[in-house]
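Here is the structure we will look at.
For the single chain, residues carry numbers from 1 onward in sequence order. On a predicted model such as this, the values are computed, not experimentally measured, just so you know. Note: hydrogens, waters and symmetry copies are ignored here, and every other heavy atom, side chains too, is used.
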Amino acid sequence: MENLIAPKGLKIGIFRCLKSGISPEFPDQGTCQGGVVSPLLANVALNGIEEIHPSVRYADDMVFFLKPEESEEKLLDKINQFLSARGLKISEKKTKLTASTDGFNFLGWHFKVQQNGKFKCFPSEENFKSFRKKVKHIVNNSNYGAKEKAKRLAPIVRGWRNYHKFCDMSGPRFSLWFLNYRTFQVFNKETKQDRQSASELVKRAFPNVPYSENRHVKVQGNKSPYDGDLVYWSERNSKLYDGRTSKLLKKQNHKCGHCGHKLTPEERVHLHHLDGNHNNWKDANLTVIHESCHDYIHMSNERSKEHIPFPIR
């Protein structure tokens with residue numbers, strides 16, 4: 001089979017990854033499940049399986065979509081044939097058939113088609129419980145003060161909300177109201193009944209991230225961040241931004257307003273005020289530039305200020 005053919009050096013590299021262990025004391029224990037190289041090896045082994053049937057795959061997690069008239073037995077047989085050629089087999093424990101109206105979990109999300117035909121997704125029960133456990137562990141930890149707890153909570157909460165920003169987050173559970181209230185009670189005791197201070201720390205600990213249900217930007221099935229198609233990836237990257245930034249990116253043809261190079265997903269973009277006045281938010285005074293270009297501009301401005309002599313009066 002064509003997709004099994006690989007250069008000798010690549011084969012040797014994969015073989016060594018499989019054989020090497022994570023502990024010097026046990027060098028032959030092999031790649032552990034969940035190791036950093038595990039997703040790479042899954043992608044190598046399963047490359048091409050998505051062509052068997054309409055599906056979605058992330059490393060070794062897969063969902064196949066069947067129509068009512070299609071046979072799951074025939075699909076399973078095709079999958080088994082594909083896997084057996086690679087020395088693999090389906091995990092019967094983890095494989096199940098479910099109706100889209102009953103819903104299913106995938107990568108921390110719960111997907112469901114409602115009776116009215118509308119598609120819904122929200123954080124899965126398991127994902128939310130894991131997140132809540134992390135938050136409670138920090139809030140109830142007596143080794144930290146309220147300020148340190150707020151500092152540690154912020155990136156966890158922001159990361160969780162960003163991951164689920166295209167889900168339906170309207171429910172009271174996902175608004176984190178109860179976690180906010182519990183955290184305020186703890187912070188209020190630790191800040192010596194200073195309600196204003198506790199309230200400010202809770203806001204800092206639970207940064208708000210707006211959500212847009214089902215507004216995610218799909219990646220074309222044959223595209224990869226490593227395919228060298230800067231035009232496609234820079235234009236797609238612009239769709240990930242909202243409002244003024246997205247508008248300016250289109251106006252600039254997805255190019256940096258400072259260096260002129262394409263804006264790719266590898267680097268964040270910033271809005272730069274051309275006249276240096278951060279209160280002037282008119283479109284004519286704004287340009288979208290690379291984060292590194294933004295740093296360079298301000299660094300250059302600071303250096304030039306250092307060399308300007310004091311005026312003689």
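Within a 6.0 Å radius of OH in Tyr58, other residues, nucleotides and ligands contribute 12 heavy atoms or fewer. Counting heavy-atom neighbours within 6.0 Å of His261 NE2, excluding the residue itself, gives a total of 12 or less. The neighbour count for Glu69 CD, taken as heavy atoms of other residues, nucleotides or ligands under 6.0 Å away, is above 12. More than 12 non-hydrogen atoms from other residues, nucleotides or ligands lie less than 6.0 angstrom from CZ of Phe65.
Using bins of under 30°, 30° to 60° and over 60° for the plane-to-plane angle, the ring pair Phe128/Phe131 lands in the tilted bin.
Taking the ring centre of Tyr211 as origin, the terminal cationic atom of Arg161 falls outside the region bounded by 6.0 Å and 45° from the ring axis. With Phe82 as the aromatic partner, Arg86 meets the cation-pi criteria of under 6.0 angstrom to the ring centre and within 45 degrees of the ring axis.
Of all heavy-atom pairs between Thr95 and Ser91, the closest is OG1-O, 2.7 Å. The two residues Asn105 and Ser124 make their nearest non-hydrogen contact at OD1-CB, 3.6 Å. Considering all non-hydrogen atoms of both residues, His278 and His273 come closest at CD2-ND1, 3.5 Å. Looking at every heavy atom in both residues, Asn180 comes nearest to Ser175 through ND2-O, 4.2 Å. Contact detail for Ser170 and Asp168: the closest heavy-atom pair is OG-OD1, 2.7 Å. The nearest pair of heavy atoms linking Ala154 to Pro207 is O-CG, 3.7 Å.
For the atom pair CD of Glu73 and CG of Asn80, the computed distance is 12.0 Å after rounding to the nearest 0.5 Å. Here the straight-line distance linking atom CG of Asn280 with atom CG of Leu274 works out to 9.0 Å at 0.5 Å rounding. Here the CG atom belonging to Leu83 is positioned 14.0 Å from the NZ atom belonging to Lys78, to the nearest 0.5 angstrom. Separation of atoms NZ (Lys136) and CG (Leu153) is listed at 13.0 Å; rounding is to 0.5 Å. How far OG of Ser197 is from CG of Asn188: 9.0 Å, rounded to the nearest 0.5 Å. Between the CG atom of Leu286 and the CG atom of Asp275 there is a distance of 9.0 Å, given to the nearest 0.5 Å.
Looking only at distances, a side-chain donor or acceptor of Asn162 sits under 3.5 Å from a matching main-chain atom of Arg158. The backbone N or O of Lys262 sits less than 3.5 Å from a side-chain atom of His290, completing a donor-acceptor pair. Between the side chain of Asn279 and the backbone N or O of Trp281 there is no donor-acceptor pair closer than 3.5 Å. Looking only at distances, no side-chain donor or acceptor of Ser130 sits under 3.5 Å from a matching main-chain atom of Asn127.
The closest side-chain donor-acceptor pair between Asn140 and Arg182 falls under 3.5 angstrom.
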Practice task
Assess whether side chain to side chain donor-acceptor pair (under 3.5 Å) is satisfied between Asn277 and Asn285, documenting all intermediate values.
Solution key: CA-CA 9 Å; Asn277 180 9; Asn285 186 49; over 6 Å; no

Problem - Evaluation steps, side-chain contact (heavy atoms from CB on, under 4.5 Å), between Arg57 and Asn43 - result: CA-CA 9 Å; Arg57 179 171 71 87; Asn43 282 328; 3.0 Å; yes

Practice task
Decide yes or no on side-chain contact (heavy atoms from CB on, under 4.5 Å) for Thr101 and Gln115, but give the supporting numbers first.
Solution key: CA-CA 7 Å; Thr101 50; Gln115 295 298 330; 4.2 Å; yes

Exercise for the section: Could you go through the side-chain contact (heavy atoms from CB on, under 4.5 Å) check for Lys112 and Asp102 one step at a time? Expected result: CA-CA 6 Å; Lys112 187 175 183 179; Asp102 293 335; over 6 Å; no

Exercise for the section: Could you give me the CA-CA distance, side-chain angles and deciding distance for Lys165 and Glu213, then say whether salt bridge (Lys or Arg N to Asp or Glu O under 4.0 Å) is met? Expected result: CA-CA 7 Å; Lys165 68 183 295 185; Glu213 187 181 2; over 6 Å; no

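Side-chain atoms of Ile79 and His53, non-hydrogen and from C-beta on, never get closer than 4.5 Å to each other. In this structure, the side chains of Tyr296 and His258 come closer than 4.5 Å at one or more pairs of heavy atoms. Within the 4.5 Å cutoff, the side chain of Glu72 has heavy atoms near those of the Leu66 side chain. Between Leu107 and Tyr163, some side-chain heavy-atom pair lies under the 4.5 Å cut-off. Between Leu201 and Arg204 the shortest side-chain heavy-atom distance falls below 4.5 Å. Looking at heavy atoms from C-beta onward, Val209 lies out of side-chain contact with Trp160 at the 4.5 angstrom threshold. Residues Ile289 and Leu271 are not in side-chain contact: their nearest non-hydrogen atoms beyond the backbone lie 4.5 Å or more apart. Looking only at side-chain heavy atoms (C-beta outward), Pro123 and Trp109 stay at 4.5 Å or farther from each other.
Salt-bridge check for Glu125 with Arg173: passed, with a basic side-chain N closer than 4.0 Å to an acidic carboxylate O. One finds a salt bridge joining Asp283 and Lys247 here, because a Lys/Arg side-chain nitrogen approaches an Asp/Glu carboxylate oxygen to under 4.0 Å. With respect to the salt-bridge test (charged N to carboxylate O, under 4.0 angstrom), the residues Arg152 and Glu148 qualify. The pair Glu190-Lys149 meets the salt-bridge criterion, with a side-chain N (NZ, NE, NH1 or NH2) lying under 4.0 Å from an Asp/Glu carboxylate O.
Scanning for side chain to side chain donor-acceptor pair (under 3.5 Å) contacts around Gln252 gives Thr287, with sequence neighbours left out. Not counting sequence neighbours, the partners of His294 by the ring-ring contact (aromatic ring centres under 6.0 Å, His included) test are His270, His272, His298. Considering only residues two or more places apart in sequence or on other chains, Ser142 meets the side chain to side chain donor-acceptor pair (under 3.5 Å) condition with none of them. With sequence neighbours left out, Phe122 forms a ring-ring contact (aromatic ring centres under 6.0 Å, His included) with His110. Not counting sequence neighbours, Phe178 has no partner by the ring-ring contact (aromatic ring centres under 6.0 Å, His included) test. Residues meeting the ring-ring contact (aromatic ring centres under 6.0 Å, His included) test with Phe64, sequence neighbours left out: none.
Phe187 and Trp177 are members of different hydrophobic clusters when ILVMFWY side chains are connected at heavy-atom separations under 4.5 Å. Val139 and Tyr144 end up in different hydrophobic clusters when Ile, Leu, Val, Met, Phe, Trp and Tyr side chains are linked at under 4.5 Å.
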